[in-house]
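First the structure, in the form of structure tokens, and then the observations on it.
All residue numbers in this chain count up from 1 along the given sequence. We count ligands from 1, going down the list as the structure has it; atoms in each ligand are counted the same way.
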Amino acid sequence: MSGIVIIGAGECGTRAAFALREAGYSGSVVLVGAEPHLPYERPPLSKPASDAVRMKLICAKDGLADAGIDYLKGVSASKLDADAGTVTLSDGRVLAYQKLLLATGARPRRLACPGAERALDFRTHGDAEAIFSRAGVARSTAVIGGGLIGMELASVLRGEGIAVSVIEAAPKTLGRAVPARFAEKLHARHIEEGVDFHLGRGVAAITDDGVILTDGSMVQAQLVISAIGVMPEITLAQDAGLATGNGILTDTHLRTSAANIFAAGDCAAVSQTDGGHIRFESWRNARAQAETAARTMIGSLEPFTAIPWFWSDQYDLSLQVVGLPQPAHQSVVRPLGDGELEFYLDAGRLVAAAGLGIGNAVAKDIKLAEMLIAAGVRPDTAALANANLNLKALLKSARAA
Ligand SMILES: Cc1cc2nc3c(=O)[nH]c(=O)nc-3n(C[C@H](O)[C@H](O)[C@H](O)COP(=O)(O)OP(=O)(O)OC[C@H]3O[C@@H](n4cnc5c(N)ncnc54)[C@H](O)[C@@H]3O)c2cc1C
């Protein structure tokens, strides 16, 4: 019996399967996942609590079967025929679908230099096991890429007393997603912790001794990890003739260019009301889009409107960012006991906020900031900067107004 087929059993695909059941869908749900495990969360891979790599499952062991979700583990979808409404799997099976969700996520961007094969990727549980088991015996490591994943990895390795060099082609680390104020603070903390940075230089080659940089200098390392970002996994969609760009293109309801095919999570580039498509790579985005896609597949027509949010843990610091801060926004800084918040206003309207603090110090305020953004407030900037002004009170008065 054909029903809903979901390709990709990561955060997005798995959440979508459960969301279908929660929304009352009683037809068949088949979840196809290339990895050989039960679905697991990726964020804990770069935040191991002890020296063992944690596999945090997305659902209990019997959760999928109990919900009537047919999970095909360790099998990948190799061909999509959008006209026939079928997907061919790597084991030769052909699945017919009424609705198909592509939740194929992203794969690591590859280095193109001589010796690139010596660098380990960091995306899957298998990658994490390979890195941490080898890091334990290596005296020195080089992390190529000073983005969020590379910097989280550096903090974990330093926590274990392992020497870490971070190589970043840009002049600064964390430049892509993190507001400058907090990128600088995190960078300074890494220096305090003893991370050795090589900025503004590319990688010319990787050898048995380490990494040769484009200026000819050598970074000695027994273990090299590549964390230079990811590419959306769009091969299946592209080969089937679906519209793609920096992701599988969807409208605001997560419908792709082909009838009955939807896309969500790291692989999806979603149409924005003000033009263009945006693709997010974050845990909560994957879950939120999964829920919208599930409801859309069974007939609701709500657009995807969630405010972007992500977090990153490095040492004892936690960063949270809600909305999309831009350098052109007006910034208002608010001190906190164990951290700091920064609000971003566009023509007087609160559009984003970020916070960095010890442990959970900023979590409550970022949640309130998210509600303030959703309420469309135009706050008094002096009041916003005043740590004595309660954000809850501001929200209450905004809602009352
Ligand atoms: C180490 C690490 C740490 C992270 N930390 C954070 C964090 O702190 N905060 C945060 O917000 N986000 C974090 N993220 C990002 C977050 O985990 C991702 O945004 C999220 O996992 C995306 O979910 P997804 O289901 O869209 O994609 P994925 O998790 O990539 O899952 C896609 C799945 O589809 C499978 N697949 C692909 N093609 C096929 C096919 N043809 N057939 C069958 N299966 C297929 C893949 O094998 C994969 O299992 C982190 C990511 C990593 C790697």
**OP:** Describe, in one word, how the ring planes of Phe122 and Phe132 are oriented to each other, choosing from parallel (under 30°), tilted (30 to 60°) and perpendicular (over 60°).
**Re:** perpendicular
**OP:** Evaluate whether atom CG of Asn260 has more than 12 neighbouring non-hydrogen atoms of other residues, nucleotides or ligands under 6.0 angstrom away.
**Re:** yes
Subject >> Side-chain donor/acceptor of Ser300 to backbone N/O of Thr296, under 3.5 Å >> reply: no
Original post:
Looking only at N/O atoms, are Lys47 and ligand 1 under 3.5 Å apart anywhere?
Top reply: yes
**OP:** Identify, by atom number and element, the atoms of ligand 1 in contact range of Glu152, meaning under 4.0 Å from any of its heavy atoms.
**Re:** 8 (O)
Original post:
Val32 heavy atoms, cut-off 4.0 Å: which ligand 1 atoms fall inside?
Top reply: 43 (C), 44 (N)
Subject >> ligand 1 to Ser76 polar contact by distance, N or O atoms, under 3.5 Å >> reply: no
**OP:** Mark up the atoms of ligand 1 that fall under 4.0 Å of a heavy atom belonging to Glu11, in ascending order.
**Re:** 23 (O), 25 (O)
Original post:
Should you measure from each heavy atom of Gly265, which atoms of ligand 1 turn up under 4.0 Å away?
Top reply: 26 (O)
**OP:** Output yes when Arg189 and Asp316 qualify as a salt bridge under the 4.0 Å nitrogen-oxygen rule, no when they do not.
**Re:** yes
Subject >> Backbone or side-chain N or O of Cys267 under 3.5 Å from ligand 1 N or O >> reply: no
Subject >> Gly10: numbered ligand 1 atoms lying under 4.0 Å from its heavy atoms >> reply: 25 (O), 31 (O), 33 (C)
Subject >> NZ/NE/NH1/NH2 to OD/OE distance under 4.0 Å, Glu281 and Arg123 >> reply: no
Original post:
Does the pair Arg181/Glu340 count as a salt bridge with the N-to-O cut at 4.0 Å?
Top reply: yes
Original post:
Hey, which atoms in ligand 1 end up nearer than 4.0 Å to a heavy atom of Ser282?
Top reply: 11 (O), 12 (N), 19 (O)
Original post:
Can you check whether Glu35 has an N/O within less than 3.5 Å of an N/O in ligand 1?
Top reply: yes
Subject >> Close N or O approach (Glu233, ligand 1; < 3.5 Å) >> reply: no
**OP:** Give yes if a backbone or side-chain nitrogen or oxygen of Trp309 is under 3.5 Å from a nitrogen or oxygen of ligand 1, and no if not.
**Re:** no
Subject >> Shortest protein heavy-atom distance from atom 48 (C) of ligand 1, along with the residue and atom involved >> reply: Arg42 NH2, 3.3 Å
Original post:
Has ligand 1 got any nitrogen or oxygen that is less than 3.5 angstrom from a nitrogen or oxygen of Ala34?
Top reply: yes
**OP:** Check ligand 1 against Val75 and write out every atom of the ligand that is under 4.0 Å from a heavy-atom position of the residue.
**Re:** 43 (C)
Original post:
Of Asp313, Asn285, Asp266, Asp121, which has the heavy atom at the shortest distance from atom 22 (C) of ligand 1?
Top reply: Asp266
Original post:
Do side-chain atoms of Ser133 reach the backbone of Glu129 as a donor and acceptor pair under 3.5 angstrom?
Top reply: yes
Original post:
So, are Lys73 and Glu35 salt-bridged, with charged N and O less than 4.0 Å apart?
Top reply: no
**OP:** Say whether Ile149, considering both its backbone and side-chain N or O atoms, lies within less than 3.5 Å of an N or O atom on ligand 1.
**Re:** no
Original post:
Does the distance from a Lys or Arg side-chain N to an Asp or Glu carboxylate O, for Glu193 and Arg158, drop under 4.0 Å?
Top reply: no
